[in-house]
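Structure record follows, encoded as structure tokens.
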Number of protein chains: 2
Amino acid sequence: MTLPQVSSISPISGPKQSAIPASLHQIKTHCATCSMHDLCLPVGLSEADISRLDDIIRRRRRIKRGETLYRMGEKFQYLYAIRFGHFKAIQVESSGAEQITGFQMSGELLGLDGIATDIHQCDAIALEDSEVCEVPFVQLEDLFREIPGLQRHFHRMMSREITREQGVMLLLGSMRAEQRLAAFLLNLSGRYAARGYSANRFQLRMTREEIGNYLGLTVESISRLLTKFRQQDWLKVEQRELEIVNHDELKKLISGTPDEDCSNA
Amino acid sequence: MTLPQVSSISPISGPKQSAIPASLHQIKTHCATCSMHDLCLPVGLSEADISRLDDIIRRRRRIKRGETLYRMGEKFQYLYAIRFGHFKAIQVESSGAEQITGFQMSGELLGLDGIATDIHQCDAIALEDSEVCEVPFVQLEDLFREIPGLQRHFHRMMSREITREQGVMLLLGSMRAEQRLAAFLLNLSGRYAARGYSANRFQLRMTREEIGNYLGLTVESISRLLTKFRQQDWLKVEQRELEIVNHDELKKLISGTPDEDCSNA
DNA sequence: CGTGCGCTTGATTGAGCTCAACGCGCGTGG
DNA sequence: CCACGCGCGTTGAGCTCAATCAAGCGCACG
């Protein structure tokens, strides 16, 4: 029940907890002081508007590692903005096969899959102890009518999710194993960079199994590829600790067509 | 240069052109009389509200087979509601590799990928002579503030696009070739059924090449699989003409895990 | 101190790719 | 009118990349 340890993730620009009385912290969520502020919210939103948003976000939820935030088939009521932590979203097929459709991190939104039918279409599971803001969607939609900038921002976030998934389709549909893993690692790298963390050193929050599942590969393949990348001095890997040593080679690998000869044919 | 043969797709409930003066047809789009009405619009929208929507849709566009509706990199301004016809959306990679991320048909929306950055992220190409309504997005967002039901409906459509893509990720990430094709055919079947066409007999609007690209397989694989399905009497195929004979076997194939023994282990 | 999970590595297999040839229908031009 | 080329589809043969199967290691945790 303590305050989230925002300091532990140490964004480049730390929260400015300036003049807000401590007592208020317990009843308001304070988007204004959230470190993920500028990922969740449009730039230039007024103090007053932020406060109105705060007003409808009545609850924060802590989700421990391995726990589910919501499950497929449950009624959809809330969107969740991740304050800190990591999640995976998984789709379970009738046969029982699981497919991870995404890994979400702080500043990203969970629950968009539920809007279509008012029923969640996938499970969201915490990869580590995490915290989310619970945003009642009906009230959020009401607020859109009063804060056009917020509406626009929300549409952008949904659209970004659509294009993100299109990128994954490209990956799954037309890349070979090496390329998939390289693309995955660079994607993580970029997202950490956008959050003010190192683009080159970070911790994998998911197992090899989960990476493989996401990329349409097996654990063994992931393991072998990581070994290979390490041997080529493109990365350093030790358990979950990862360092990207040769960003460029990984990039080349992705865009490099199987037939390299087309460069000066 | 002839008119698209709307009659050839013969929806169950044809447009009711009742009492509207012919002259008006040229300046208004008339969602009310569009046969895709109930796919595009929320149920229970008032006449007045529909008319307001009509007012912002100033243009219909005809797109001939093979022409692009919009291209990656172009400025995003409009959403497009397909009145009739079929499109494919393709993502082009830096290396030049193409990936088809979806096939859209009448009553579906195109352009959602552009909202995030105001730049289209993929190409939309007509698979046959088609017609779309051009909806200026900025004005549509304004309208959302005044017609909550329309806002809600739009959010549902975006969310449906997200879950649709998640389904494709499941397909690409964890299904074998047979299952992918079966899932694809049943998906088409369901969508035609929802439009009042036959669920079991329809025409493929795309080449084998395009199907393969979409499913992460080669033309040859698609061809072989179609032959196989035909030999098992699950389908009849002749050129683009397709009839699903054994719906159930196809369904079983999809959900059937490779190891069948887990049913009563 | 065992037990299990996550990870790695090796050996083998096989699904789907690649390459190649061919057929068919259709439009185009001689 | 036929010849030709071309796009689309089919089929076969061989190969390859990643899956599967199998074994073992190390660390965390009861």
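Throughout, protein chains are lettered first and strands after them, A, B, ... in sequence-line order, and every chain is numbered starting at 1.
Look at CG on B/Leu225: it is 13 Å from C1' on C/dC17, rounded to the nearest Å. The interatomic distance linking B/Leu181 (CG) with C/dA15 (P) rounds to 17 Å, in whole Å. Rounded to whole angstrom, the span from the CG atom of B/Leu204 across to the P atom of D/dC8 amounts to 14 Å. Atom P of nucleotide D/dG9 and atom CD of B/Gln203 are separated by 12 Å, given to the nearest angstrom. As rounded to whole Å, 18 Å separates atom P of D/dC17 from atom CG of B/Leu217. In this structure, B/Glu238 places its CD atom 11 Å from P of D/dT10, rounding to the nearest Å. Here the C1' atom of nucleotide D/dC8 and the CD atom of B/Glu241 are 16 Å apart, to the nearest Å. Atom CD1 in B/Ile211 sits about 10 Å away from atom P in D/dT10, given to the nearest Å.
Side-chain nitrogen and oxygen atoms of A/Arg240 include none within less than 4.0 Å of the OP1 or OP2 phosphate oxygen of C/dG6. Remark: A/Arg176 is not in phosphate contact with D/dT16, judged by side-chain N or O atoms under 4.0 Å from OP1 or OP2.
Residues meeting the salt bridge (charged side-chain N to carboxylate O under 4.0 Å, His left out) test with A/Glu243, sequence neighbours left out: A/Arg201. Scanning for salt bridge (charged side-chain N to carboxylate O under 4.0 Å, His left out) contacts around A/Glu165 gives an empty result, with sequence neighbours left out. Among residues two or more places apart in sequence or in another chain, the ring-ring contact (aromatic ring centres under 6.0 Å, His included) test is passed with B/Phe202 by B/Tyr192. For B/Tyr78, the ring-ring contact (aromatic ring centres under 6.0 Å, His included) criterion is met by no residue, not counting sequence neighbours. For B/Arg61, the salt bridge (charged side-chain N to carboxylate O under 4.0 Å, His left out) partners two or more places apart in sequence, or in a different chain, are B/Glu134. Applying the ring-ring contact (aromatic ring centres under 6.0 Å, His included) test to A/Tyr80 and every residue at least two apart in sequence or in another chain returns A/Tyr70.
Nucleic acid contact class of A/Gly212 (heavy atoms, under 4.0 Å, all strands): none. When heavy atoms are screened at a 4.0 angstrom cut-off, B/Arg180 is found touching no nucleic acid atom at all.
Distances from the side chain of A/Thr207 to the nucleotides C/dG6, C/dG16, D/dA18 place C/dG6 closest.
Salt-bridge check for A/Arg230 with A/Glu238: failed, with every basic side-chain N at 4.0 Å or more from each acidic carboxylate O.
Residue A/Glu249 is tested with A/His247, A/Lys252, A/Lys251 for a side-chain hydrogen bond (donor to acceptor under 3.5 Å, both in side chains); the sole match is A/Lys252.
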Could you give the side-chain donor-acceptor pairs of residues 206-224 of chain A under 3.5 Å, partners two or more places apart or in another chain?
unit_1: A/Thr207; atom_1: OG1; unit_2: A/Glu209; atom_2: N; d: 3.4
unit_1: A/Thr207; atom_1: OG1; unit_2: A/Glu210; atom_2: N; d: 3.0
unit_1: A/Arg208; atom_1: NH1; unit_2: A/Gln239; atom_2: O; d: 3.3
unit_1: A/Arg208; atom_1: NH2; unit_2: A/Gln239; atom_2: O; d: 2.9
unit_1: A/Glu210; atom_1: OE1; unit_2: A/Thr207; atom_2: N; d: 2.9
unit_1: A/Glu210; atom_1: OE2; unit_2: A/Lys88; atom_2: NZ; d: 2.8
unit_1: A/Asn213; atom_1: OD1; unit_2: A/Ile100; atom_2: N; d: 2.7
unit_1: A/Asn213; atom_1: ND2; unit_2: A/Glu98; atom_2: O; d: 3.0
unit_1: A/Thr218; atom_1: OG1; unit_2: A/Ser221; atom_2: N; d: 3.3
unit_1: A/Thr218; atom_1: OG1; unit_2: A/Ser221; atom_2: OG; d: 3.2

Between the protein and nucleotides 8-12 of chain C, which nitrogen or oxygen pairs are less than 3.5 angstrom apart?
unit_1: C/dT8; atom_1: OP1; unit_2: A/Arg208; atom_2: NH2; d: 3.3
unit_1: C/dT8; atom_1: OP2; unit_2: A/Arg208; atom_2: NE; d: 3.0
unit_1: C/dT8; atom_1: OP2; unit_2: A/Ser223; atom_2: OG; d: 2.9
unit_1: C/dT8; atom_1: O5'; unit_2: A/Ser223; atom_2: OG; d: 3.0
unit_1: C/dT9; atom_1: OP2; unit_2: A/Thr227; atom_2: OG1; d: 2.6
unit_1: C/dG10; atom_1: N7; unit_2: A/Arg224; atom_2: NH1; d: 2.8
unit_1: C/dG10; atom_1: O6; unit_2: A/Arg224; atom_2: NH2; d: 3.2
unit_1: C/dA11; atom_1: N6; unit_2: A/Arg224; atom_2: NH2; d: 3.4

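For the helix from C/dC1-D/dG30 to C/dG30-D/dC1, the terminal axes (five pairs an end, C1' atoms, rotation from four pairs onto the next four) enclose an angle of 30°, given to 10 degrees.
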